[in-house]
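Heavy atoms only: backbone and side chains are in, while hydrogens, waters and symmetry mates are out. Sequence lines set the chain letters: A, B, ... in the order given, protein chains first and strands last, and positions in each chain run from 1.
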Amino acid sequence: MSLEFLTVAMFVTLIFAIMLGHPLAYTLAAIATLFGLIDNGFNIPMLFEMFINNIWGLMENYTLVAIPLFILMAQLLDRSKVSEALFESMYVVLGSIKGGLGLAVVLVCTVFAATTGIIGASVVAMGLLATPALMGKGYQKEMTAGIICASGTLGILIPPSIMMVVYGGLTGMKETSVGNLFAGAIFPGLLLAGLYFSYILIRCNINPTLGPPISKDEASGYTAGQKWAMTLKSLVPPLALILAVMGTILGGVATPTEAAGLGAFGAVLLAFFNKKLNWTVLKESAYATLKTTSMVMMLFIGGKFFSAVFLSMGGGDVVADLLIGSGMNQWIILFIMMFIVFIMGMFIDWAAILLVTVPIFLPIAIELGFDPLWFSLLLCVNLQTSFLTPPFGYALFYFKGVAPSQFTMMHIYRGIMPFVLLQLISIALLCLFPSLVTWLPGVFFG
Amino acid sequence: MIKAGIVKDRSGSSRENQSQYNKLPDPVRFLIHFLKKETNMLESLSKNLEKVIHKQGDITSFLVYPLLIIVVYEVAMRYVFNAPTTWAFEATTFLYGLHYMFGLSYSDVHGAHVKVDIFSSLTSEKVQAVLSIITNLVFFMPVTICLTLWGIKYAYQSTLGLEVNSTSWAPPIWPLKILMALCLVFLVLQGIANLLKDINSLKQQGRKVNP
């Protein structure tokens, strides 16, 4: 069998196998096994010795130690009700403008995103907290769903983020180290949050029935001083955590793994001061952390098998020859790679896409002369869409799980469309202004 | 309670079914009889397996706290007391590795591993159970069983040489490799539990449609 045929067959088989509904991680491992055996002439011991070495290698990967720590931090924060206090104060401060509650959700999610690295917790927390408030004020269903799903997913882009830890741990390159990725993601993350913010503001001012302001009585119940005090009080804990995590990384004081430890430790302290630290919280946080960590790591194992087999049989070169050898303009090749990632995002989740595509695409991007860090961040912004694009978007299902029953899947699908468009616009902006990504890492890490 | 179910099931079957049953060749009759009786055993076996997986995960999930303490301790020692340890770096990776390896089966028993079930969820429960059994046998079992076997071999070789890490702290790593193999065994057990559960649900549905 020719190499080209095997390369295509491996992907076609993967797509078909995934649709059968078996857990993705196992499916990746199985396809890797099948094609690994075809490639090495059915030498079973050789293949599995390589796999076991891969697993052991993962167990010794220091970068990835940050994953359980960041997840633990998110679990503890979620249980110490930090975002609730912040939303209450933003509700009062921003509620009186058109679309103000939507803006409050974006702001709370942005701050929360800068303290945690996963999305499940923020979408669920905001879904439970903000949906009743927004619906009570007569927000359009589509708008509500869109705002909460899109803002909730900011957590995976705005650093610290599990996605970037996985990315850094996967590539092991100096240019795409976790610290560089974190620094590079700050402006793209804020840009996206800014786009959401402006969109809601403009859309609700044109058509106030989409997001009406809260009543005058409710708004005038607080003096300006009280509003300031509420805001400051609710902002101090998350800001302290942001300083502990991002400050130590950017200042070059701690590695991302150590910063994750400090963040989780800060979350324990915060829970303690909020009088939320007890056996149940510790226990439930530990259970939830293990479940999420192992889910990501099982994908890592399956994805690692897949890319190891794919690259060792020369599939990476086949794809590279196909794209670079075609003589197409480098930007068209970039567009093709991004388009593939976008389409994959409709069906599978970010970790699997990242683990399968990065080992193939990153070398191509480097060969085309693109900055590896810039390309990586482009990919990460693109992967944001995988949470939101129908039919299979994680955030949408999380939201559906906690939203009142009057929300149908169609409301959510329709509501999310403008925000997916905004994400695509932000990718275009990053292409036009690459310094949005590359400037900050240069400042901090030279 | 389960016994009563079987009795009811038998008495509930019509005379026609009974005569059809009698016409069947002996091995088939034996198989049906065996499977009916074994249903309870399969069910309790899969439940017990899942109980074990739940328990081990509940316990090992707490590994994240010592992991956290060591990371923070190392940061404090290095930056505050300017006295970095020689062991914290390795100890954190060991704990992190064990933590998620023990969790692989735990995530599975909680159904936390992501899957694309938008297409299979459109089919009937029976088709889903069949599909689940097939994918389990084709995708999951061969790979995880082989991984476990080679994991055991890997641990065995390491244990024979009482392998230590080639670092200044030089901690023994053979116990770690044994635990890694154990975690893979747990994963296979969880796969078996899933298989038994699917077979069971298939049989119960078969009973519903054609009692």
Side-chain angles (χ1 to χ4, degrees), chain A residues 17-27 29-33 44-45 48-49 51-53 55-56 58-62 64-65 67-69 72 253-254 257-258 260-262 264-265 268 282-283 286-287 289-299 301 347-349 351-352 391-392 394, chain B residues 57-58 60-65 67-68 70-72 74-75 78-79 89-90 92-108 110 112-121 128 131-132 134-136 138-140 142-144 146-147 149-151 153-154 176-177 180 184:
Chain A
I18 282 175
M19 300 303 170
L20 295 176
H22 196 58
L24 216 48
Y26 307 146
T27 311
I31 304 295
T33 308
I44 297 176
F48 279 96
E49 267 158 32
F51 283 173
I52 284 292
N53 271 317
I55 293 186
W56 179 252
L58 271 184
M59 286 176 73
E60 291 197 306
N61 189 327
Y62 179 71
L64 299 177
V65 178
I67 293 178
L69 294 173
L72 177 67
V253 179
T257 304
E258 289 167 343
L262 292 177
F265 187 64
V268 173
L282 284 175
K283 195 175 70 177
Y287 293 174
T289 303
L290 183 59
K291 264 178 262 175
T292 313
T293 307
S294 298
M295 183 267 279
V296 174
M297 292 311 296
M298 189 65 226
L299 269 173
I301 293 171
F347 299 99
I348 51 182
D349 83 321
F392 195 76
Y394 257 76
Chain B
D58 282 353
T60 50
S61 70
F62 280 88
L63 283 174
V64 77
Y65 291 114
L67 173 66
L68 171 60
I70 294 179
V71 170
V72 173
E74 166 71 5
V75 173
R78 179 155 3 129
Y79 298 109
F89 183 82
E90 282 160 278
T92 42
T93 55
F94 291 166
L95 281 173
Y96 131 91
L98 284 181
H99 175 251
Y100 82 77
M101 283 303 286
F102 274 113
L104 296 181
S105 50
Y106 188 67
S107 290
D108 195 295
H110 282 281
H113 286 310
V114 291
K115 47 190 168 193
V116 182
D117 51 5
I118 33 174
F119 300 103
S120 55
S121 64
Q128 279 180 40
L131 210 57
S132 173
I134 295 173
T135 49
N136 192 327
V138 176
F139 292 157
F140 181 85
V143 179
T144 36
C146 285
L147 270 183
L149 291 178
W150 266 272
K153 194 180 153 206
Y154 195 64
L176 219 60
K177 292 188 173 174
M180 178 179 103
L184 291 169

- Message: For the backbone of A:Lys291 and the side chain of A:Ser294, can you confirm whether one donor and one acceptor N or O come within less than 3.5 Å of each other?
- Response: no
If you measure from [atom1] on [X] to [atom2] on [Y], what distance do you get to the nearest 0.5 Å?
| X | Y | atom1 | atom2 | answer |
| --- | --- | --- | --- | --- |
| B:Phe94 | B:Leu63 | CZ | CG | 13.5 Å |
| A:Ile52 | B:Met180 | CD1 | CE | 4.5 Å |
| B:Leu104 | A:Thr293 | CG | OG1 | 10.5 Å |
| B:Leu147 | A:Thr33 | CG | OG1 | 7.0 Å |

Between [X] and chain B, which part of the residue has a heavy atom less than 4.5 Å away: side chain, backbone, both or neither?
| X | value |
| --- | --- |
| A:Val296 | neither |
| A:Leu58 | both |
| A:Ile18 | both |
| A:Ala352 | neither |
| A:Leu72 | side chain |
| A:Leu299 | side chain |

Do you know which of [options] has the most heavy-atom pairs under 4.5 Å to chain A?
| options | result |
| --- | --- |
| B:Thr60, B:Val72, B:Ile70 | B:Val72 |
| B:Val75, B:Thr92, B:Leu95 | B:Val75 |
| B:Val114, B:Val138, B:Thr93, B:Leu131 | B:Val114 |
| B:Arg78, B:Lys153, B:Glu74, B:Glu90 | B:Arg78 |

- side chain to side chain contact (heavy atoms under 4.5 Å, CB included) involving B:His113 - partner list, sequence neighbours excluded: A:Pro23, A:Tyr26, A:Met295, A:Met298, B:Ser107, B:Asp108
Between [options], which residue shows the highest count of heavy-atom pairs closer than 4.5 Å to chain B?
| options | answer |
| --- | --- |
| A:Ile301, A:Thr257, A:Val253 | A:Val253 |
| A:Glu49, A:Met19, A:Glu258 | A:Glu258 |
| A:Phe347, A:Trp56, A:Tyr394 | A:Trp56 |
| A:Ile55, A:Val268, A:Leu64 | A:Leu64 |
| A:Pro45, A:Ala260, A:Ala32 | A:Pro45 |

Is the ring pair [X]/[Y] parallel, tilted or perpendicular, if the boundaries are 30 and 60 degrees?
| X | Y | answer |
| --- | --- | --- |
| B:Phe139 | A:His22 | tilted |
| A:Phe51 | A:Phe48 | perpendicular |
| B:Tyr100 | B:Tyr96 | tilted |

- Message: Is B:Tyr79 close to chain A through its backbone or its side chain, or both, or neither, when contacts mean heavy atoms under 4.5 Å?
- Response: side chain
- What residues, two or more places apart in sequence or in another chain, satisfy side-chain hydrogen bond (donor to acceptor under 3.5 Å, both in side chains) together with A:Asn53? B:Tyr154
